[in-house]
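Remember, it's 1-based here, ligands and their atoms both numbered in the order they're listed.
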Amino acid sequence: MGRSSKDKRDIYYRLAKEEGWRARSAFKLLQLDQEFNLFTGVRRAVDLCAAPGSWSQVLSRKLRSEKRNEEERKEEVKIVAVDLQAMAPLPGVTQIQGDITKVSTAQEIVRHFAGRPADLVVCDGAPDVTGLHDVDEYIQAQLLLAALNITTHVLKPGGTFVAKIFRGKDVTLLYSQLRVFFSEVTCAKPRSSRNSSIEAFAVCQNYSPPQGYAPNMSNPLLDHSYDVDFNQLEGPNRIIVPFLACGDLSAYDSDQTYPLQLDASQEYRYTPPPPASHPATLSASLSSAQDQPTGQRRLPPTGSRRLPPTGSRR
Ligand code: SAM
């Protein structure tokens, strides 16, 4: 039985049709709101990866439907929806067609919120699945991190970020990364999200970036052209990775050339290099070289080299 016929039997699919939602996903955001009160006091929101637009519909209906000072309130509400694909217009929703992993798209979103940050950012982004689970999980994680980076530019302190997350093996790492920016992070699974699906939603509340953190559009995750001088970064924005040199000064230097130190008890015999045209020939030649007596090898075995005493090496 095909997937579409299964969808048609699905209760949320039918409810979405009845209630006029563009996709059954609308219920995921509605159920997340039931649990976390996502929309209370929200006037400015961003919907990343929004097409066909059911989450934007939810935002539009919920944020614009409050009764008090209706006209004034409608004026004040700002919703920006972004997707690779175009979608049909929605009342009160500004659309941007673009890739959220691109700096140019991120900058366009930021422009819409210049001076007045958003209260809520949601991202239901999902890449086209390849069927290779590890690859799909990795791409999903990169999409979430791209969304997080945009969020750090537009979200107000104390604001909320909701993003689709795959409950794969990297979920703990992503959780820790989100916890750097939000004091509360919950992985939630709405009833309308199928149990058979690996998807869940990270509900990140109380945006509180590290002291001194400066959002940076030139994040290498977003763009491979590093157009920022990393030496200019300061405080928590600049991490200098320490390297530890191991081994004492009497150990061999791998950049030096040392004279061959052969076993004096054996006569030296030259062995010509093996023809290395084919990898199989090469590995066969190498293994036969290993079988030769010590004196015939081109490289002395470890035991015959004069190495520094073991105790002085790490
Ligand atoms: N929340 C939407 C709704 O309720 O209608 C459904 C979103 S759909 C599951 C996932 C969307 O992510 C697709 O429309 C896809 O085009 C979008 N997407 C995937 N990668 C993207 C990217 N790099 N930039 C922008 N949108 C992306």
Using a cut-off of under 3.5 Å, which N/O atoms of ligand 1 pair up with protein N/O atoms, and what distance separates each pair?
| unit_1 | atom_1 | unit_2 | atom_2 | d |
| --- | --- | --- | --- | --- |
| ligand 1 | 1 (N) | D124 | OD2 | 2.8 |
| ligand 1 | 4 (O) | S54 | N | 3.4 |
| ligand 1 | 4 (O) | S54 | OG | 2.4 |
| ligand 1 | 4 (O) | W55 | N | 3.2 |
| ligand 1 | 5 (O) | A50 | O | 3.4 |
| ligand 1 | 5 (O) | P52 | N | 3.3 |
| ligand 1 | 5 (O) | G53 | N | 2.9 |
| ligand 1 | 5 (O) | S54 | N | 2.9 |
| ligand 1 | 14 (O) | A51 | O | 3.1 |
| ligand 1 | 14 (O) | D83 | OD1 | 3.3 |
| ligand 1 | 14 (O) | D83 | OD2 | 2.9 |
| ligand 1 | 16 (O) | D83 | OD1 | 2.6 |
| ligand 1 | 16 (O) | Q85 | NE2 | 3.2 |
| ligand 1 | 23 (N) | D99 | OD1 | 2.7 |
| ligand 1 | 24 (N) | I100 | N | 2.9 |
| ligand 1 | 26 (N) | L84 | N | 3.4 |

Contacts table for residues 82-91: side-chain donor-acceptor under 3.5 angstrom, sequence neighbours left out:
| unit_1 | atom_1 | unit_2 | atom_2 | d |
| --- | --- | --- | --- | --- |
| D83 | OD1 | Q85 | N | 2.9 |
| D83 | OD2 | A50 | N | 3.0 |
| D83 | OD2 | A51 | N | 2.9 |

Original post:
Under a 4.5 Å side-chain heavy-atom rule over Ile, Leu, Val, Met, Phe, Trp and Tyr, are I100 and V129 clustered together?
Top reply: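 Different clusters.
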
Original post:
Is there a path from V135 to I165 through hydrophobic residues (I, L, V, M, F, W, Y) whose side chains come within less than 4.5 Å of each other?
Top reply: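 Different hydrophobic clusters.
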
**OP:** Return the orientation label for the F181 and Y207 ring planes: parallel under 30°, perpendicular over 60°, tilted otherwise.
**Re:**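 Ring orientation of F181 relative to Y207: parallel.
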
Original post:
CZ of R191: more than 12 outside heavy atoms within 6.0 angstrom?
Top reply: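 Result for CZ/R191: open.
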
Original post:
Are any non-hydrogen side-chain atoms of C123 and L144 less than 4.5 angstrom apart?
Top reply: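 With C-beta onward as the side chain, the pair stays apart.
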
